[in-house]
Amino acid sequence: MVANPSKTPVKGGNLSWTNVIFFSVVHILALLAPWFFSWSALGTAIFLHWLLGSIGICLGYHRLLTHRSFQVPKPVEYAIATIGALALQGGPIFWVAGHRRHHLHTEDIDKDPYSAKRGFWWSHMLWLFYDDSESFDYQSYKRFAPDLDRDGYYRWLNQHFLWLQLPLGIGLYLLGGWSFVIYGMFVRAVCLWHSTWLINSATHMYGYRRFDCEDNSRNLWWAALLTYGEGWHNNHHAYPNVAKAGWQWWELDMTWWAIRGLEKLGLAKKIILPPTV
Ligand SMILES: [Zn+2]
Ligand SMILES: [Zn+2]
């Protein structure tokens with residue numbers, strides 16, 4: 001296939017109006033935040049940003065399911081994956097397959113679903129707005145996550161993850177009314193989306209490089225703070241299967257702290273560590 005030198009997002013062809021409307025509506029609802037502010041609602045949003053972001057996405061979807069950089073007992077794995085599914089970043093098979101394609105074809109303009117070579121905004125969020133069967137058609141993307149696709153629970157979660165928002169929303173409403181719903185659902189979702197998306201965009205453009213790997217991945221301290229360690233992305237691309245993203249003491253990696261916590265509880269085993277250099 002010929003590369004697209006103009007970097008225009010023609011790869012997917014048509015706009016996916018379902019996705020455009022979905023992301024727009026959630027962003028608009030998040031803008032209601034000033035009228036619903038309370039400190040407890042803000043605290044709830046921050047807590048859920050950490051729980052769904054660090055534990056669900058970074059530890060669960062990314063380091064555990066995508067890269068298998070450590071192992072936990074199956075019921076714990078299911079629980080963590082379910083927390084990830086609450087983060088509104090798609091089901092586990094979709095997320096894992098897309099990320100494995102990203103590692104397999106990093107920055108390839110056609111094969112990396114969120115190639116940074118197509119520009120900041122494409123890699124950040126625009127890729128989500130275009131119908132691309134390779135990225136969004138289950139029959140197509142499941143090839144990249146056959147291990148998860150063999151598992152009935154992951155197939156169910158992949159299809160029905162959106163329904164999990166219902167008990168979460170009701171729970172938040174019962175706890176603190178609409179203020180908790182706006183902050184815990186919509187403000188949290190928008191902040192968590194953009195934090196995660198920075199790893200596909202900013203950390204392939206800005207920051208320093210420890211490893212001279214073939215892609216343009218970089219270590220970016222402020223992205224690492226917002227993503228609980230994932231911003232040490234050059235380390236990660238150089239050694240994708242290593243469970244620890246921050247390698248120096250000052251490369252803060254909160255998700256690694258959680259993995260160590262699971263290890264201390266006797267739950268995390270076979271943790272892949274950085275090579276001793
Ligand atoms: Zn990357
Ligand atoms: Zn990865």
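Read the numbers this way: they start at 1 and go in the same order the structure lists the ligands and their atoms. Sequential numbering from 1 along the given sequence is applied to the chain's residues.
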Checklist entry - Does a salt bridge link K117 with D215, judged by any charged N lying under 4.0 Å from a carboxylate O? => result no

Checklist entry - Looking at the Zn ion (ligand 2), which N/O/S atom of H236 is the nearest one? => result NE2

Item to check | Exam field: side chain E263 to backbone I259, donor-acceptor pair closer than 3.5 Å | outcome: no

Checklist entry - Taking just the N, O or S atoms of H102, which one is nearest to the Zn ion (ligand 1)? => result NE2

Item to check | Metal site the Zn ion (ligand 2): N/O/S of H67 inside 2.8 Å | outcome: yes

Checklist entry - Counting backbone and side-chain atoms alike, does H103 have an N/O/S atom under 2.8 Å from the Zn ion (ligand 1)? => result no

Next on the checklist: Looking only at N, O or S atoms, which one in H237 sits nearest to the Zn ion (ligand 1)?
Outcome noted: NE2

Item to check | Ring-ring centroid check Y239 F211, cutoff 6.0 Å | outcome: yes

Item to check | Pairing of D212 and R209 as salt bridge, 4.0 angstrom limit | outcome: yes

Next on the checklist: Test your reading of the model: is there a side-chain donor-acceptor pair from S16 to the backbone of D131, 3.5 Å cut-off?
Outcome noted: no

Checklist entry - By atom name, which N, O or S atom belonging to H233 lies closest to the Zn ion (ligand 1)? => result NE2

